[in-house]
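Take a look at the structure set out below.
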Amino acid sequence: MAWMKADVLGAYTSLQRDYGDAVWFRTGPFQLFVFYHPDQVRELLVSRSKSFIRLPRVMETFAQWNGESILIVEGEQWVRQRRLVQPAFQPRRFTDYGRMIVETTQKLLASWSPAIERDCQIEVDANTAMTGLTLEVICKVLFDVDASEATERIANAVAVLSEVGFHEMQAAIRLPDWWPTEFYRKKRAAMKTLDDFVWGIIRERRSEGVDHGDLLSMLLAAVDEEGDGGKLNDRQVRNEAMTLMLAGHDTTAAALDWVWYNIARFPEVASRCRAEIDDVLTENLPTITDVPRLKYLEATIKETLRLYPPAIGVFLRQATESTTIGGYDIPRGALVGLSSFATHRDSRWFPDPERFDPERFLPPAVDQIPAGAYFPFGMGPRVCIGQSFAMTEMILIAATVLQKCDITLKNPTQDPGMLVHMALRPRAPVILKFQRR
Ligand code: HEM
């Protein structure tokens with residue numbers, strides 16, 4: 001499997017090229033099936049999803065910092081936890097979320113203003129800026145706190161765990177955390193940073209006893225009315241809050257890195273986005289009601305997620321019973337994987353697949369995309385719970401910035417390459433130049 005670890009994106013793509021839509025091989029004691037066809041994607045994630053669980057080995061790694069949260073658990077426990085967390089993502093809450101997203105983005109723009117006044121432009125590392133911004137947004141939405149002081153610390157801890165997680169999932173054996181090396185010292189420090197932050201907020205909230213109308217208040221008060229009427233204890237609240245904080249910013253930040261990269265790279269896309277924003281917003285700040293009208297911007301973001309799906313490592317499942325996918329027998333215990341990266345770049349579903357073209361996600365072309373060919377957020381029961389939030393957040397952030405700034409790349413000819421850790425990020429820094437419009 002060393003060949004796969006060295007270039008996981010290329011490996012999945014070449015397996016399909018060499019063997020077709022269904023590939024089977026052995027890895028250690030397991031049989032691994034990889035499927036690429038949209039019908040097979042839907043079978044695994046939707047119609048036969050009950051016969052599979054997320055790969056325990058991957059989940060054990062995530063569980064070290066997420067605990068037994070919605071991301072990790074299976075079966076009845078998952079049904080209950082999803083039911084308790086779901087209310088936070090109801091559409092009626094999005095007016096407030098939208099306001100928080102725009103305010104936080106404006107704060108970032110204001111911090112750039114002195115440099116733009118002085119030098120007419122500012123150079124920004126996309127990844128640092130977007131990680132900080134999405135972390136601030138999610139902390140405001142989840143915990144009603146201004147985390148600007150803590151974002152650097154948290155972002156560093158997440159970067160460490162992202163790398164640790166990636167290595168641990170691939171290692172033959174996992175060493176104990178007390179192992180006396182720099183790698184494990186950094187891992188322990190990163191886990192403590194995140195724990196101190198989340199527990200600190202939960203303790204403060206419990207002692208305050210005030211309902212802030214945010215996700216944390218909702219989790220602390222949540223009662224499972226359809227189930228046993230039980231509440232979450234503090235450890236369970238901590239696990240869900242930590243998971244939503246981590247899942248709720250890392251992938252979105254990675255996606256935004258690529259959104260800016262593409263908007264800066266393709267001036268004709270940038271000017272269409274800008275024309276639409278000017279037309280829809282007429283110089284007002286964006287609000288939640290503008291989101292459905294920013295169709296071209298939305299298509300630009302969807303096209304970015306097609307070419308650079310941020311959460312590529314999550315589509316590995318293990319069969320809990322014998323079943324079939326695409327007519328192939330899958331024995332109990334076998335592993336089954338999908339590659340959104342490869343399926344999203346398949347010319348049968350996306351003609352001229354390497355070309356960046358937001359029109360694919362607008363009528364009439366969008367109607368030609370088969371169900372199961374595009375799944376950056378997954379599909380079926382385990383589909384990303386934050387999908388609407390993430391899309392809303394990206395549209396509002398991009399609209400707020402593009403309304404005020406022109407964006408170019410510092411190195412227009414440089415291809416940053418792709419780095420596969422927990423999220424798919426640019427390998428080399430993408431340095432953006434923002435100028436006032
Ligand atoms: C561009 C941004 C995002 C992408 C691409 C993304 C993608 C994904 C994917 C592919 C999955 C797994 C689906 C599967 O295993 O079948 C997932 C699950 C999940 N995501 Fe996201 N996500 C994003 C943003 C968010 C946000 C903003 C939140 C929360 C605020 C979030 C919370 C979660 C949770 C809790 C799960 C586990 C759901 C479950 O197992 O029931 N994600 N996401």
Side-chain angles (χ1 to χ4, degrees), residues 41-46 48-49 52-55 58-59 62-63 66-75 77-90 93-94 97 100-101 130-131 133-135 137-143 214-216 218-219 239-259 298 301-318 336-341 343-344 372 374-398 422-425:
V41 171
R42 279 187 294 134
E43 272 187 70
L44 180 70
L45 298 183
V46 188
R48 300 208 199 284
S49 61
F52 295 91
I53 53 172
R54 292 216 173 106
L55 194 63
V58 173
M59 290 304 115
F62 285 140
N66 290 294
E68 297 276 288
S69 75
I70 176 178
L71 179 72
I72 309 295
V73 296
E74 299 285 344
Q77 201 184 348
W78 169 77
V79 173
R80 176 177 189 265
Q81 285 173 219
R82 180 115 185 175
R83 206 160 47 212
L84 287 170
V85 175
Q86 194 74 56
F89 297 99
Q90 277 168 0
R93 306 194 66 88
F94 275 58
Y97 294 164
M100 291 178 203
I101 292 164
M130 291 305 110
T131 304
L133 178 59
T134 53
L135 249 174
V137 165
I138 202 71
C139 288
K140 188 76 193 150
V141 168
L142 290 179
F143 310 128
D214 57 7
L215 187 110
L216 182 58
M218 208 178 302
L219 289 175
N239 293 343
E240 301 304 346
M242 180 73 83
T243 297
L244 292 170
M245 181 178 89
L246 298 178
H249 85 278
D250 196 35
T251 36
T252 317
L256 283 166
D257 289 352
W258 294 113
V259 168
E298 181 186 347
I301 293 169
K302 286 185 169 167
E303 175 68 342
T304 302
L305 297 177
R306 179 182 73 82
L307 284 169
Y308 307 95
I312 45 170
V314 290
F315 299 114
L316 259 181
R317 302 288 203 259
Q318 184 161 30
V336 179
L338 303 174
S339 168
S340 50
F341 185 85
T343 302
H344 287 185
Y374 180 72
F375 53 105
F377 294 98
M379 56 200 316
R382 297 300 291 246
V383 68
C384 174
I385 201 168
Q387 173 171 1
S388 308
F389 179 82
M391 283 307 296
T392 304
E393 181 181 10
M394 290 187 283
I395 291 170
L396 286 175
I397 288 176
M422 290 298 160
L424 178 68
R425 291 188 180 269

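Atoms within each ligand, like the ligands themselves, are counted from 1 in listed order.
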I need the nearest protein heavy-atom contact for atom 36 (C) of ligand 1: residue, atom name and distance, please.
Leu71 CD1, 4.1 Å
One finds that the ligand 1 atoms under 4.0 Å from a non-hydrogen atom of Trp78 are 39 (C), 40 (O), 41 (O)
Options Arg317, Met59, Arg54, ranked by nearest heavy atom to atom 16 (O) of ligand 1, top entry
Arg317
With heavy-atom distances below 4.0 Å as the criterion, list the atoms of ligand 1 near Ile70.
35 (C), 39 (C), 40 (O), 41 (O)
Please give me the minimum heavy-atom distance between Ala390 and Phe377, naming the atom from each residue.
CB-CE2, 4.0 Å
Shortest non-hydrogen contact from Phe143 to Ala241?
CE2-CB, 3.7 Å
Distance (rounded to the nearest 0.5 Å) between Lys140 NZ and Leu135 CG
14.5 Å
Counting heavy atoms under 4.0 Å, the part of Phe389 that contacts ligand 1 is side chain
Which bit of Arg82 gets closer than 4.0 Å to ligand 1, counting heavy atoms only: side chain, backbone, both or neither?
side chain
If you count the atoms of ligand 1 from 1 in the order shown, which ones are under 4.0 Å from a heavy atom of Pro310?
5 (C)
Non-hydrogen atoms of Val141 versus ligand 1: any pair closer than 4.0 Å?
no
Is the backbone of Ile395 close enough, under 3.5 Å, to the side chain of Glu298 for a donor and an acceptor to pair up by distance?
no
Go through ligand 1 atom by atom and flag the ones less than 4.0 Å from a non-hydrogen atom of Val314.
10 (C), 12 (C)
Report the nearest protein non-hydrogen atom to atom 25 (C) of ligand 1: residue, atom name, distance rounded to 0.1 Å.
Ala247 O, 3.4 Å
What are the two closest heavy atoms between Cys139 and Met245, and how far apart are they?
SG-SD, 4.2 Å
Return the residue, atom name and 0.1 Å-rounded distance of the protein heavy atom closest to atom 6 (C) of ligand 1.
Phe377 CD2, 3.6 Å
Got the closest protein heavy atom to atom 27 (C) of ligand 1, with its distance?
Gly248 CA, 3.6 Å
Which of the numbered atoms in ligand 1 are below 4.0 angstrom from a heavy atom of Ala311?
7 (C), 10 (C)
Gap separating the CD atom of Glu240 from the CG atom of Leu142, nearest 0.5 angstrom
11.5 Å
Enter the distance from Asn239:CG to Leu244:CG here, rounded to the nearest 0.5 Å.
11.0 Å
Examine distances only and state if a side-chain atom of Arg48 and a backbone atom of Glu43 form a donor-acceptor pair shorter than 3.5 Å.
no
Counting heavy atoms only, which of Leu424, Thr251, Ile385 is nearest atom 24 (C) of ligand 1?
Thr251
Which of the atoms in ligand 1, numbered in the order shown and given with their element, are less than 4.0 Å from a heavy-atom of Ile138?
30 (C)
Per-atom contacts of ligand 1 with Arg382, taking only distances under 4.0 Å to non-hydrogen atoms:
13 (C), 14 (C), 16 (O), 39 (C), 40 (O), 41 (O)
Nearest-0.5 Å distance that lies between atom OG in Ser388 and atom CD in Gln90:
11.5 Å
Under 4.0 Å, heavy-atom basis, I'd like to know which part of Tyr97 is in contact with ligand 1: side chain, backbone, both or neither.
neither
Sub-4.0 Å heavy-atom approach of Phe375 to ligand 1
no
Interatomic distance, Ser69 atom OG to Gln77 atom CD [nearest 0.5 angstrom]
10.0 Å
In terms of its nearest heavy atom to atom 10 (C) of ligand 1, the top option of Cys384, Ala423, Pro376 is Pro376
Over 60° means perpendicular and under 30° means parallel, so tell me whether Tyr308 and Trp258 are parallel, tilted or perpendicular.
parallel
For His249 and Leu133, indicate whether the former's side chain and the latter's backbone hold a donor-acceptor pair under 3.5 Å.
no
Val85 contact mode with ligand 1 (heavy-atom cut-off under 4.0 Å)
neither
Atom pair CZ (Arg54) and CD1 (Ile72), whose distance is rounded to the nearest 0.5 Å:
8.0 Å
With a 4.0 Å cut-off on heavy atoms, is Met394 in contact with ligand 1?
yes
